[in-house]
Amino acid sequence: MFERIDYYAGDPILGLVDKFVADSNPNKVNLGIGIYYDKVGNMPVLDCVKTAEQRIADPISPRPYLPMAGLPGHRKGCQNLLFGKDTQVLKDGRVATIATLGGSGALKVGAEFIHEWFPQSKCYVSDPTWSNHIAIFEGCDIEVGEYPYYDKATNSIRFDDMISFIEKLNKNDVVLLHPCCHNPTGMDLTQEQWDKVLDVIKQRELIPFMDIAYQGFGDNMDSDAYAIRKAVDMGLSLFVSNSFSKNLSLYGERVGGLSVVCPTADEAERVFGQLNFMVRRIYTSPPSHGGRVVDIVMNDEQLHQQWVGEVYGMRDRIKAMRMKLKSVLESNLPDHNFDYITHQNGMFSFTGLTPEQVERLQSEFGVYMVSNSRMCVAGLNVNNVDYVANAMVEVLKV
Ligand code: LMR
């Protein structure tokens with residue numbers, strides 16, 4: 001019966017975790033998956049999360065189903081964070097938001113919605129992008145194409161090529177964008193470049209789908225959402241998927257959100273209804289624990305402030321690691337240019353190593369990064385950064 005079923009080759013990112021765990025090298029370093037580890041290599045439990053969990057009064061209380069859209073406080077938390085607290089678009093009731101199973105869940109529900117209501121639309125993702133973007137949209141029978149984004153030779157953004165490509169797309173085509181901390185390259189557009197991209201999107205009547213999984217890790221909570229808020233100011237309709245996996249360090253709780261900004265409150269209500277229907281037929285409703293934590297941290301002013309400080313602490317540690325890595329590499333390989341390491345934002349650095357060099361790092365040094373050369377800088381710490389830099393020197397030198 002199942003002989004015709006294909007083998008699954010495994011996920012290029014998640015598959016690395018199993019390989020890493022099985023590696024017996026005592027010096028191994030995991031720079032594959034996008035997870036933040038603290039200065040001693042542990043995954044942190046944020047203090048604001050600890051307090052929220054203590055406040056979840058009785059852990060053995062009844063567990064009713066949540067609404068299909070999740071907890072109202074979780075939804076409100078997503079909205080305030082993305083669009084700015086109590087901004088006009090929210091007061092006008094023009095944003096339909098549901099709580100989702102992480103960022104992936106938001107992308108899936110959004111892609112299902114697009115497939116159902118915009119069946120002619122194709123989706124265009126940056127070249128390169130997070131591999132699951134392509135998998136999720138193709139998995140909803142949406143044709144996926146790539147717009148030019150990153151130039152490996154110069155470690156810069158192919159902005160003119162990106163614009164001329166987007167200028168040729170058809171009405172209602174979806175353009176998937178990373179508002180901050182581009183995954184995998186770490187190279188973000190400037191605000192002027194965002195303005196230009198959004199102008200073209202408006203002119204061509206395209207659908208922007210902004211996927212923001214690292215808010216707070218780039219510059220700050222507000223400026224990381226610049227593209228989203230600018231699109232709203234320009235009167236665009238858009239999709240926004242957001243994740244709390246990284247900025248609340250709640251990876252396994254699967255907490256995120258999907259927001260759709262609509263021209264009117266009436267349209268937002270229809271869209272909200274359809275999103276509920278999508279959720280019902282995929283998984284009925286989200287689980288409650290993570291949603292309760294999000295609700296508490298996002299809506300308690302003091303905890304929210306504490307949270308922002310904790311995210312900035314993670315952001316700053318990553319920036320310090322970028323500087324340290326760059327300086328060790330530069331002193332060992334003065335002929336190479338490593339400026340890209342500190343120009344990039346967020347958790348990732350696109351190192352430009354060849355697949356063979358990435359493979360050597362893994363087999364000879366137990367240093368794991370994704371085969372496209374993406375390194376999770378958040379896995380570096382004072383104890384392993386020299387080891388990693390020296391391993392990179394070994395594979396880079398001729
Ligand atoms: C990553 O890019 O490593 C993370 O977003 C984890 C994942 O699901 O791939």
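Note that ligands are numbered from 1 as they come in the structure, with each ligand's atoms numbered from 1 the same way. As the structure is a computational prediction, the values presented were derived from the model and not from experiment.
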Does a donor on one side chain and an acceptor on the other come within less than 3.5 Å for Asn155 and His343? no
Phe209-Phe137 aromatic ring centre distance below 6.0 Å: yes
Parallel, tilted or perpendicular for Trp130 and His133, by the 30°/60° rule? perpendicular
Nearest protein heavy atom with distance in Å, relative to atom 2 (O) of ligand 1: Arg374 NH1, 2.8 Å
If you measure from CG on Asn276 to CE on Met68, what distance do you get to the nearest 0.5 Å? 4.5 Å
Among protein heavy atoms, which sits nearest to atom 5 (O) of ligand 1, and what does the distance come to when rounded to 0.1 Å? Lys246 NZ, 3.0 Å
Give the atom numbers and elements of ligand 1 that come within less than 4.0 Å of a heavy atom of Ile33. 3 (O), 6 (C)
Give the contacting part of Met347 toward ligand 1: side chain, backbone, both or neither, where contact means a heavy-atom distance below 4.0 Å. neither
Which residue and heavy atom of the protein sit nearest atom 9 (O) of ligand 1, plus the separation: Trp130 NE1, 2.9 Å
What heavy-atom pair brings Arg229 and Gly84 nearest, and what distance separates the two atoms? NH2-N, 3.5 Å
Check the orientation of His182 and Tyr149. Use parallel for under 30°, tilted for 30 to 60°, and perpendicular for over 60°. parallel
Does even one non-hydrogen atom of Asn183 get within less than 4.0 Å of ligand 1? yes
Test of understanding: given a 4.0 Å heavy-atom threshold, classify the contact between Tyr214 and ligand 1 as side chain, backbone, both, or neither. side chain
